[in-house]
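Reviewing the structure listed below.
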Protein chains: 2
Amino acid sequence: MRRPDDKPALRVQRLAADSDGELEHDLTEEGGPAEEGLPPEVDEDTSTPESRKLHELIIQLGRYRSLRDPLHGICEDNQLTPTQIHALMWLGNDGPTHVGVLAQRIGITKKTITGVVDRLEHMNLVERGRDAEDRRAVVARLTDKGQALFHRISRSVDQGLRRVLDLLEPEDRESLFGLLERVLQRLGRSTAQAV
Amino acid sequence: MRRPDDKPALRVQRLAADSDGELEHDLTEEGGPAEEGLPPEVDEDTSTPESRKLHELIIQLGRYRSLRDPLHGICEDNQLTPTQIHALMWLGNDGPTHVGVLAQRIGITKKTITGVVDRLEHMNLVERGRDAEDRRAVVARLTDKGQALFHRISRSVDQGLRRVLDLLEPEDRESLFGLLERVLQRLGRSTAQAV
DNA sequence: TATTGTTATACTCTATAACTATA
DNA sequence: TATAGTTATAGAGTATAACAATA
């Protein structure tokens with residue numbers, strides 16, 4: 001257990017990546033050799049023609065719709081930040097949650113979640129309480145106002161997704177659902193960290 | 001042209017949404033009537049069973065991988081913020097760019113892009129210049145150091161996408177590519193704002 | 001001792017409003 | 001007058017380090 005403090009959500013980012021926390025910037029400075037004439041390695045952690053193609057497609061999409069913040073419009077409409085929206089969405093979906101777990105879901109550290117919950121509490125969207133089982137833990141839950149906002153935001157997200165789906169042919173929508181379900185199945189088999 | 005100042009990147013978020021800048025929070029406070037027994041409208045801006053299903057699937061995915069910042073790992077590895085990564089990626093992909101256009105690509109305002117480019121300039125990753133045609137415009141471009149970093153980041157993204165693709169069966173990868181290509185075609189036909 | 005949160009500090013992001021320079 | 005950027009200013013996000021309370 002070498003990890004010094006906490007950086008809980010980061011490993012989640014790696015999906016099925018390497019074991020723990022190596023790779024210290026030693027990504028072969030720059031240039032060519034890794035590109036053409038793949039060495040006889042099993043290329044565990046290399047890009048592939050397909051990954052480059054996907055990369056290309058995503059960049060094309062980015063010319064129509066900014067990739068940085070998919071929730072931008074919703075944030076604007078509700079005068080909330082992306083982090084706040086994510087916090088509300090997870091609390092709405094999961095119910096009362098330890099703030100540490102909430103941090104993990106959102107992808108921030110425990111140091112940061114404190115301030116986020118502080119501000120949501122000031123807005124009367126969230127309440128703090130203590131866990132009776134483990135008196136160290138702080139549980140965050142939505143207030144009635146927060147719950148109502150959660151429903152409204154949730155519907156906005158639905159509408160946004162509907163506009164995305166409108167860009168797809170019915171067969172492509174089917175493909176997408178099937179594809180996502182199989183990814184979830186695979187993730188469920190290979191890990192045990194989902195709720 | 002009612003728009004007071006600038007908020008350029010926001011409309012891009014709306015994809016094929018409504019005309020311009022309406023919808024002033026009048027989303028029927030909360031509760032029921034909009035849900036069941038759809039009125040005889042063409043429900044232009046409503047959620048659908050399919051959009052709700054997609055919503056559900058995305059939340060499931062979020063339990064395995066934080067949805068808030070897909071570039072988190074790359075940001076960490078390179079000690080850069082998401083905004084900075086996006087700026088470098090667009091400059092690397094598009095070459096020298098007006099900072100206003102860059103702001104649009106990233107999805108931030110012109111006020112914000114100034115500081116972002118400032119900091120990238122201090123890091124010697126980006127240089128500023130004037131456009132000879134329109135002397136008001138500032139052009140940002142990568143330095144050699146920035147170019148090298150761009151290539152490194154680009155490869156990291158490829159590797160990340162490769163790990164995502166590894167979760168898909170070959171047929172699903174095919175579906176995904178086809179689906180994205182058709183979305184891009186459709187976007188290309190319905191708009192003229194991509195490069 | 002280890003874990004859960006919080007506090008203090010510092011830097012980045014972000015938008016708003018007021019401004020400069022060019023068109 | 002309109003447009004492209006910049007300069008304050010202020011609030012939010014973020015990580016690091018040091019700390020308090022509980023386990």
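Throughout, a chain's letter reflects where its sequence line sits, starting with A, and its residues are numbered from 1.
- In this structure B:Asp172 satisfies the salt bridge (Lys or Arg N to Asp or Glu O under 4.0 Å) test together with A:Arg182, sequence neighbours excluded.
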Check the interface with nucleotides 9-12 of chain D: list each N/O to N/O pair with the protein under 3.5 Å, or write none.
none

Protein-nucleic acid N or O pairs under 3.5 Å, nucleotides 20-23 of chain D:
from   : atom 1 : to       : atom 2 : distance (Å)
D:dA23 : OP1    : A:Arg135 : N      : 2.9

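- For A:Glu56, the side chain to side chain contact (heavy atoms under 4.5 Å, CB included) test picks out A:Gln60, with sequence neighbours left out.
- Every residue two or more places apart in sequence or in another chain that forms a salt bridge (Lys or Arg N to Asp or Glu O under 4.0 Å) with B:Arg141 is listed here: B:Glu127.
- When the nucleotides D:dA15, D:dT6, D:dT16 are ranked by their closest atom to the side chain of B:Lys110, D:dT6 comes out on top.
- Residues meeting the side-chain hydrogen bond (donor to acceptor under 3.5 Å, both in side chains) test with A:Asn93, sequence neighbours left out: none.
- With sequence neighbours excluded, the residues that form a side chain to side chain contact (heavy atoms under 4.5 Å, CB included) with A:Arg68 are A:Ser66, B:Thr83, B:His86, B:Ile106, B:Ile108.
- Within 4.0 Å of B:Thr114, counting heavy atoms only, lies at least one base atom of the nucleic acid.
- Checked against C:dT4, D:dG5, D:dT16, the side chain of A:Ala137 finds its nearest nucleotide in C:dT4.
- Note on B:Asp166 versus B:Arg162: salt bridge recorded, some NZ/NE/NH1/NH2 to OD/OE distance being below 4.0 Å.
- B:Leu61 meets the side chain to side chain contact (heavy atoms under 4.5 Å, CB included) test with A:Leu180, A:Val183, A:Leu184, A:Leu187; sequence neighbours excluded.
- Comparing atom distances between the A:Thr112 side chain and each of C:dT14, C:dT4, D:dT14 picks out D:dT14 as nearest.
- When the side chain to side chain contact (heavy atoms under 4.5 Å, CB included) test is applied to A:Val139, the partners found at least two apart in sequence or on another chain are A:Pro96, A:His98, A:Asp131.
- The listed nucleotides are D:dG5, D:dG13, C:dT14; the one nearest the side chain of A:Val116 is D:dG13.
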